[in-house]
Amino acid sequence: MSIQVDHVTKRFGTFTVLNDVSLHAQAGELIALLGPSGCGKTTLLRILAGLERPDQGRILLHGIEVTDQRITDRRVGFVFQHYALFRHMTVTENVAFGLSVLPQAQRPSPDKIQKKVDELLSLVQMRAMADRYPNQLSGGQRQRVALARALAVEPKLLLLDEPFGALDAKVRKELRRWLRRLHDELHITSILVTHDQEEALEAADRIVVLNQGHIEQTGTPEEVYENPATPFVYQFLGDVNVFHGRISQDRPSHDEASGQPPPEADASGEHEVTFVRPHDLELSLSRTTPTQLEAAVRFVITAGSRVRIELISKDSPQIISVELTKERYRDLKLQQGDVVFVHPKQLQVFKMPGPSSV
Amino acid sequence: MALVLKQPSVLPGFGLTLGFALFYFSLIVLIPLSGLFVKTTTLTWEQFWHTVSEPRALASYQLTFGASFLGALINGFFGSVVAWVLVRYRFPGRSIVDALVDLPFALPTAVAGITLTAIYSSNGWIGRYLEPLGLKVAFTPLGVLVALTFIGLPFVVRTVQPVLQDLDMEVEEAATTLGANRWQTFRAVIVPELWPALLTGMAMAFARSVGEYGSVIFIAGNMPLKSEITPLLIMTKLEQYDYAGATALGVVMLVVSFVLALMINLIQWWSSRRHTAR
């Protein structure tokens, strides 16, 4: 079922949580709503579910307006961050709940309900735990039960509110891959709310980056990661070094070529900010081009698949973080205090309003 | 397996506090209660049986325990509604209503009894409208029920309120997204969560009602075999210097109350174990 969010605005008191948000999801897509806490992503999800009403705007599911439709008529499955399982019911009873509350005429027979529950529990790999109570399960198991419970009513739309937020890192990683495989099997249009950029990049077909109640960028994980549309998206998706003013790439821009210092602010009152990802910075032990930044090694973290190095710039107190492959690090033989020369392989320049703060 | 009473702990005080608790409990509860039993033993079995099974005593048990039980049931329902309204909704005067709930605790029971009698008597504010309908409240067993309901209210409200406050709204929302209507959500999700607290509140209201004296004697009319409660019967015996007879009735009340309290505890233990067992 396709989803259309049409100019939705929501306020709590004087605080605008969502400001004129529009969004479209194709049938069968898995979309991640990504943003920091308080950006309005959960509110948007709750509006889609019918748990909140928008102040303005419309929600269309499969082309039909549901803004005023009751929550029970929308056929959406909702998975909560803290599971919200019924703790006095067993796993089986929890999953069967959605079927057992159907009106008499539509309710399947107890045998059919049991069969359906068994199927769903097999799907979420919880068949062996069918008779347990929620507090006898681990967090990851509880969330799988919650997912099975949401799927029992055969929703046309699955909404997941930070489903793995309360789990530890390893389980989170496993579960999001599992969720992705499950989605590829079931093809239910799904919206995943998360503040974890890795989760969004790994699980979603498309990512919607939200910030302070508006959409910063919408695109595939590759698009938003490789071509962030705004400084916010750049900073939110992965680590980044921020340089005020323009720094040179391999091909020097005309500013550097003329040997002029970066402009503090141009006539329009804007200044330029350069964003470089740590793995897009290249280090060398001697100066090869005049525009390279000189910096000293502050410390080195060698644990992990790549080596992370923190540098301190010679000209300003700015900290620069660099990621190198192990081979490159061994070639350079860097020690704490060594002087290195930095130049970016890839960078992105944004114009920011207001004068430079450096 | 050796019995380990004391586990080594960085927080000292187990021995001291357990000792004090036992001492205090003995002083305040056990010694007076055993005195009750000791005094009763001055009666022979025949005398004891005669005292506790005479028709007047049996009628008083029926009224005391019956009215207390009914009162607890009524409070179980209305007390939950009051708690629900106080927790879930914001309305002007809410904190005043919240404070008023404790009034039956704070009010001297005699004052409560006189007030209720004045209101429900045949020319009182409410009584005058009930009388033409054939409902006599004051000086009847119904009056006993009214008084016992009045004094039991805070127990249910005050035990249910915190549980309702802590009830996770998400669970209700989950039920709603799964298609449950309001009644199904209430029955399948909210009631099971409230049940243990509700039971505790009702048990406390019941226990309090069984021992209630002050507020009841004014409104009951105290007619033997009809509207006489057991505590009054005990008082009557005391006034006739029949101390052993009074304690015999006391023992009966004590044993019945204890058995009921134990049963409620067992039900609670069973219902909480059902979904917390490891």
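Note on naming: letters A, B, ... go to the chains in the order of the sequence lines (proteins, then strands), and numbering restarts at 1 for each one.
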Problem - Contacts with chain A made by residues 152-181 of chain B (heavy-atom distance under 4.5 Å), listed by residue number - result: Glu170(B), Val171(B), Glu173(B), Ala174(B), Ala175(B), Thr176(B), Thr177(B), Leu178(B), Gly179(B), Ala180(B)

Handout entry: Residue Ala150(A) versus chain B: region with a heavy atom under 4.5 Å
Key = backbone

Fill in the blank from the handout: Turns out that what part of Arg149(A) lies under 4.5 Å from chain B's heavy atoms comes down to both

Practice task
State whether the number of non-hydrogen atoms from other residues, nucleotides or ligands found under 6.0 Å of Tyr24(B) atom OH is greater than 12.
Solution key: no

Practice task
Return yes when atom CZ of Phe78(B) has more than 12 non-hydrogen atoms of other residues, nucleotides or ligands closer than 6.0 Å, and no otherwise.
Solution key: no

Problem - Over 12 foreign heavy atoms within 6.0 Å of CD1, Ile96(B) - result: no

Practice task
Can you establish whether the number of heavy atoms outside Phe69(B) located under 6.0 Å from its atom CZ is more than 12?
Solution key: no

Completion exercise
The salt bridge (charged side-chain N to carboxylate O under 4.0 Å, His left out) partners of Glu65(A) (sequence neighbours excluded) come to Arg58(A)

Problem - Set of side-chain contact (heavy atoms from CB on, under 4.5 Å) partners for Pro110(A), sequence neighbours left out - result: none

Practice task
Count the heavy atoms of every other residue, nucleotide or ligand shown that sit under 6.0 Å from CH2 of Trp178(A), and state whether that count exceeds 12.
Solution key: yes

Handout entry: Qualifying residues under side-chain contact (heavy atoms from CB on, under 4.5 Å), relative to Val191(B), sequence neighbours excluded
Key = Phe186(B)

Problem - Contact origin within Val153(A) toward chain B - heavy atom pairs under 4.5 Å - result: side chain

Practice task
Look at Tyr83(A), Phe80(A), Phe86(A), Phe78(A) and state which one has the largest set of heavy-atom pairs under 4.5 Å with chain B.
Solution key: Phe80(A)

